[in-house]
K.L.:
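Before I ask anything, let me first share the structure, which is written out below as structure tokens.
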Amino acid sequence: MQFGHFDDVKKEYVITSPKTPLPWINYLGSENFFSLISNTCGGYSFYKDAKLLRLTRYRYNDTPLDQNGRYYYIKDGDTVWNPGWQPTQTPLDSYECHHGLGYSRFVSSKNLVAAELTAFVPLADSCEVNRLMLTNNGTEEKTLALTSFVEFCFWNAVDDMTNFQRNFSIGEVEIQGSEIYHKTEYRERRRHYAVYAVNCPIDGYDTDRDAFLGAYRGNDRPETVLRGTAGNTVASGWGVIGSHHIDVTLKPGESRSFIFVLGYCENAADDKWEAPGVINKKPAKEMLSHYQTDEQVDAALAELASYWDGLLAKYALTCADEKLGRMVNIWNQYQCMVTFNMSRSASYFESGTGRGMGFRDSCQDLLGFVHLIPDRARERLLDIAATQFEDGSAYHQYQPLTKKGNMDIGSGFNDDPLWLIAGCAAYIKETGDFSILDEQVDFDNDSTKAQPLMEHLKRSFDFTVTHLGPHKLPLIGRADWNDCLNLNCFSAEPGEPFQTTGPSEGPVAESIFIAAMFVKYGKEYAAICRRRGNEEEAVYAEKEVEKVYQAVLDAGWDGEWFLRAYDAAGEKVGSKECEEGKIFIEPQGFCVLAEIGVKEGLAEKALTSVKNILETKYGVVLLQPAYTKYYLNLGEVSSYPPGYKENAGIFCHNNPWISIAETVVGHGNRAFDLYRKICPAYIEDISEIHRTEPYVYSQMIAGKDAAHFGEAKNSWLTGTAAWTFVNVSQYILGIQPDYDGLTLNPCIPSDMEEFKIRRYFRGAWYNITFKNPEHKEKGVSSLTVNGTAVEGNLIPITEGCTEYDVVAVM
Ligand code: BGC
Ligand code: NOJ
């Protein structure tokens with residue numbers, strides 16, 4: 001069952017019923033100011049940091065679902081309705097929500113009045129613009145009352161939700177004409193304030209939430225709105241809202257537009273506070289002056305559209321499969337941008353208050369995003385590297401506003417350091433910019449400890465070398481990629497909950513997953529050293545990689561698949577000898593993609609085991625059999641009921657590793673099958689089962705052991721976005737950026753006869769046509785570049801050439 005459809009021409013997903021199984025959201029904003037917006041206008045806004053500078057308040061996990069947003073009430077006689085249906089839930093005569101790239105548009109109507117609400121964050125300013133166009137489609141004049149609504153958050157979203165003894169006394173506002181200023185905290189010289197304004201004279205306003213709603217009422221039936229006149233209330237202390245009241249008369253056929261702006265403003269450090277609480281409104285007025293007319297709004301929207309067109313043009317596929325086309329060309333890349341911006345901080349499943357930017361997460365997000373805006377990838381890498389410790393380990397997370405490592409979470413995830421090598425290698429392969437390695441980067445955000453980025457990579461590499469266990473495999477620390485595999489945290493007594501913050505490292509528990517990462521990214525480290533002329537270091541690195549490779553063969557193979565780990569007692573995890581959790585997905589995918597066991601014939605065996613034991617109709621589950629009880633020696637992984645999350649859920653993030661692994665052994669049909677299974681566009685018609693948005697990946701789909709097999713959760717912010725894009729763009733469609741140029745190595749379904757890709761790479765455009773007349777699954781047998789036949793599968797870079805026409809025959 002579907003709740004909408006794709007519009008590929010407009011690059012939109014069009015939702016046709018407000019009652020989607022869950023709120024289906026979109027992200028507005030590209031650099032500093034961001035908003036989450038659901039298909040019923042719910043959501044919230046923040047500046048840079050969803051925890052520390054939150055503009056509007058959101059009520060999590062509330063009933064009815066999805067409470068608080070930017071709302072517009074239209075009172076037409078006794079009927080009050082909203083263009084996005086919530087919060088009044090008045091049945092609409094028509095409704096559509098178009099989620100597009102960086103904007104959302106609501107098109108709805110009631111009793112012959114049509115509303116078109118377009119919400120977006122312009123590229124040029126730190127604000128959300130909402131243009132509401134009302135049209136009278138009837139034959140009689142209409143007299144309407146229009147009321148806007150946002151509820152302000154007192155900036156620090158955690159404090160806002162918890163510290164009521166203080167917050168109920170600090171709210172302050174100021175109203176000037178059609179501008180409502182939210183200035184709580186300004187008194188204490190915090191410089192920031194918010195403005196909510198409309199581009200026309202108003203007939204009233206409200207800023208006191210409780211007076212606006214009336215006692216014991218919710219947003220669904222505010223007393224003020226039902227009465228039809230504003231209260232002109234000035235909030236003091238209690239809940240602060242921004243609400244404009246406008247009386248609107250529309251002749252038959254007449255349209256009128258209203259431009260509302262919710263902006264973040266800051267006074268400069270040298271601005272004088274004239275008196276406590278007196279804000280300098282200049283920045284706000286300057287910003288508002290940019291959005292006074294429809295022409296200005298249209299221009300800002302056009303600018304946004306061309307920004308996205310420019311970005312997405314960098315990898316554009318033409319093929320016969322329209323679902324593949326819309327994922328590759330639009331939605332997968334769009335989601336990669338969103339994960340790059342948000343990491344795992346703010347979604348409808350991440351509150352924006354707990355997690356900042358993840359070290360591992362952001363490095364992986366970069367793999368899917370680096371071709372879009374390499375400059376921002378560069379900056380991100382330097383920020384991430386600055387949170388590394390001198391011994392090579394790293395803060396697991398950092399706050400985007402301060403860029404400082406998060407002390408509460410700390411370090412100890414032994415895979416983290418290697419992800420930095422992965423991110424840097426991807427950046428250099430994309431850009432050819434080795435100079436990034438010479439940048440001075442702090443350790444632990446301490447500038448007295450700064451060293452070139454190259455030294456950070458060495459510390460990353462050496463961290464694994466110096467943290468090997470009894471089988472010469474890498475020690476796992478608190479956990480590796482699988483945050484829930486807590487093999488050193490079994491100190492909790494029976495009956496006590498697991499402690500993921502237990503001893504950060506034991507001397508015994510080892511990870512085959514980190515071993516695979518070390519082989520893959522250790523080779524990259526060696527390649528980088530060699531290209532920088534440090535042959536000695538390259539040889540040393542290769543030797544260390546070889547040892548770990550051998551250790552995996554010696555102690556990491558279980559007969560039919562790769563083992564997952566050794567626990568703190570030296571017992572096997574993910575082995576046929578285990579009672580439950582006999583086989584895990586991660587080492588099968590990552591060992592094979594690191595090419596471990598390919599020449600030894602183990603790779604094919606491991607993938608056959610995955611197919612036979614882990615694969616289901618909705619994707620590949622993380623492990624089998626699911627843990628049915630809690631294991632002190634394994635930690636959080638066994639705390640989940642069977643089939644959910646890391647305990648045998650379909651953890652989408654690592655499904656592409658299996659698909660990539662299939663390409664490594666040349667199975668194009670299998671690789672594509674696996675790609676399709678979790679790919680949103682291919683499962684749109686089971687939206688009632690899948691439940692999350694059909695245009696983006698979710699972190700998890702409930703596995704076959706769960707009561708709700710096939711139900712997805714945690715949409716949007718997941719490494720699945722980057723890894724599926726890496727998979728489809730580099731391994732399936734086969735365009736791989738490499739140090740010396742683009743390498744072509746497609747591995748596709750054999751019935752795919754031809755496809756074309758236009759790709760931007762290092763200042764040039766590549767128009768690549770792949771032909772597959774013999775229905776092969778892998779490889780390129782002949783290559784022609786600008787009319788000349790070329791040996792091998794690397795497109796040589798020609799000085800000065802800005803357009804390459806390439807034909808690759810498989
Ligand atoms: C979740 C994991 C997540 C981790 C992040 C756990 O509770 O189950 O999926 O990676 O938290 O800290
Ligand atoms: C979610 C985290 O964001 C990611 O870093 C981790 O790898 C997965 N959970 C698996 O535990």
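For the numbers below, each heavy atom of this structure counts, side chains included, while hydrogens, waters and symmetry mates do not. Atoms within each ligand, like the ligands themselves, are counted from 1 in listed order.
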K.L.:
Any ion pair linking Asp673 and Arg676 (charged N to carboxylate O, less than 4.0 Å)?
P.N.:
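Judged by the 4.0 Å cut-off on N to carboxylate O distance, Arg676 and Asp673 do form a salt bridge.
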K.L.:
Show the atoms of ligand 2 that are less than 4.0 angstrom away from any heavy atom in Asn482.
P.N.:
11 (O)
K.L.:
Answer yes or no: is there an ion pair linking Arg670 with Glu615, defined by an N-O contact shorter than 4.0 Å?
P.N.:
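Result for this pair is yes, salt bridge flagged.
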K.L.:
Heavy-atom contacts with Glu646 under 4.0 Å: which atoms of ligand 2 show up? List them by number with element.
P.N.:
9 (N), 10 (C), 11 (O)
K.L.:
By number and element, which atoms of ligand 2 are closer than 4.0 Å to a non-hydrogen atom of Asp483?
P.N.:
1 (C), 2 (C), 4 (C), 5 (O), 6 (C), 8 (C), 9 (N), 11 (O)
K.L.:
Are Arg344 and Glu350 ion-paired here, with the side-chain N under 4.0 Å from a carboxylate O?
P.N.:
no
K.L.:
Quick one: does Asp361 get an N or O within less than 3.5 Å of an N or O on ligand 2?
P.N.:
yes
K.L.:
Using the six-membered ring wherever Trp is involved, compare the ring planes of Tyr695 and Trp24 and label them parallel, tilted or perpendicular (cut-offs 30° and 60°).
P.N.:
perpendicular
K.L.:
Gln699: heavy atom below 4.0 Å from ligand 2, yes or no?
P.N.:
yes
K.L.:
Under 3.5 Å, is there a donor-acceptor pair between the Asp66 and Tyr348 side chains?
P.N.:
yes
